[in-house]
**Student:** 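Here you go, one structure.
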Amino acid sequence: MRIAITDGGADFATLGVGDGEGVDFAHNPQDLVFLKNDTGGDADFTVLTVQKDPHSGRNITVPNDVVTVANGKTWVYSMSESLQKNASTGNCAIDCDVAGQLLVLRRNPK
């Protein structure tokens, strides 16, 4: 079950391990997403891509974006509204293969 990030607070959320065990948060094009790894090895964060037209109508599958973060490192990721935002929920989702951490920085909260 995904963790819901709702307030863009200043605390990192620790992700569950595996598909469907990460985080779910409302998309805002001004947000920055920090991917942090302190697990002892590499962490693969999978930013889920939502399949939609015009790609799905042409039998084209757009792959998920996988960001590998080395141990002790933090990456900044900017979400793509066209690829990662779910049209029906307005949310984005990220999974991780280890217990990585994630922080959504709300630069211009509404």
**Student:** Quick one: do V98 and F12 end up in the same hydrophobic cluster if we chain Ile, Leu, Val, Met, Phe, Trp and Tyr together by side-chain heavy atoms under 4.5 Å apart?
**Tutor:** no
**Student:** Please check this pair: side chain of T46 against backbone of V66, looking for a donor-acceptor N/O pair closer than 3.5 Å.
**Tutor:**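 Checked: no pair found.
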**Student:** If hydrophobic clusters are built by linking Ile, Leu, Val, Met, Phe, Trp and Tyr wherever their side-chain heavy atoms come under 4.5 Å apart, do V47 and V50 end up in the same one?
**Tutor:** no
**Student:** Would you say the side chain of L15 lies within less than 4.5 Å of the side chain of L102, judging by non-hydrogen atoms?
**Tutor:** yes
**Student:** Rounded to the nearest 0.5 Å, what's the gap from SG on C92 to CG on N28? Could you check?
**Tutor:** 10.0 Å
**Student:** Looking only at heavy atoms, which two atoms of L48 and Q84 are closest? And how far apart?
**Tutor:**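 Here L48 and Q84 meet closest at O-CG, 3.3 Å.
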**Student:** Do the non-hydrogen side-chain atoms of D42 and N71 ever get within less than 4.5 Å of each other?
**Tutor:** no
**Student:** Could you tell me which non-hydrogen atom of K36 sits nearest to which non-hydrogen atom of T74, and how far apart they are?
**Tutor:** CG-OG1, 3.6 Å
**Student:** Starting from the C-alpha separation in whole Å, work towards a yes-or-no answer on side chain to side chain donor-acceptor pair (under 3.5 Å) for D44 and T68.
**Tutor:** CA-CA 4 Å; D44 288 333; T68 301; 2.6 Å; yes
**Student:** Check the pair N86, N91 against side chain to side chain donor-acceptor pair (under 3.5 Å), reporting the backbone distance first and the verdict last.
**Tutor:** CA-CA 5 Å; N86 184 309; N91 289 348; over 6 Å; no
**Student:** For the residue pair Q101 and D38, confirm or rule out a side-chain donor-acceptor distance under 3.5 Å.
**Tutor:** yes
**Student:** Looking only at non-hydrogen atoms, find the nearest pair between D31 and A26 and report the distance.
**Tutor:** OD2-O, 3.7 Å
**Student:** What heavy-atom pair brings K85 and G90 nearest, and what distance separates the two atoms?
**Tutor:** CE-CA, 3.8 Å
**Student:** Determine whether N37 and W75 make a side-chain contact, defined as any pair of heavy atoms from C-beta on separated by less than 4.5 Å.
**Tutor:**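 Result no, sub-4.5 Å side-chain heavy-atom pair not found.
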**Student:** Do you know which two heavy atoms are closest between A93 and D24, and how far apart they sit?
**Tutor:**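 It is CB-OD1, 4.1 Å.
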**Student:** For the atom pair CG (D95) and CG (N64), what is the distance rounded to the nearest 0.5 Å?
**Tutor:**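 It is 8.5 Å, given to the nearest 0.5 Å.
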**Student:** Could you tell me which non-hydrogen atom of F45 sits nearest to which non-hydrogen atom of G100, and how far apart they are?
**Tutor:** CZ-CA, 3.9 Å
**Student:** Just to verify, which of D65, L32, V69 counts as forming a side chain to side chain contact (heavy atoms under 4.5 Å, CB included) with Y77?
**Tutor:** D65
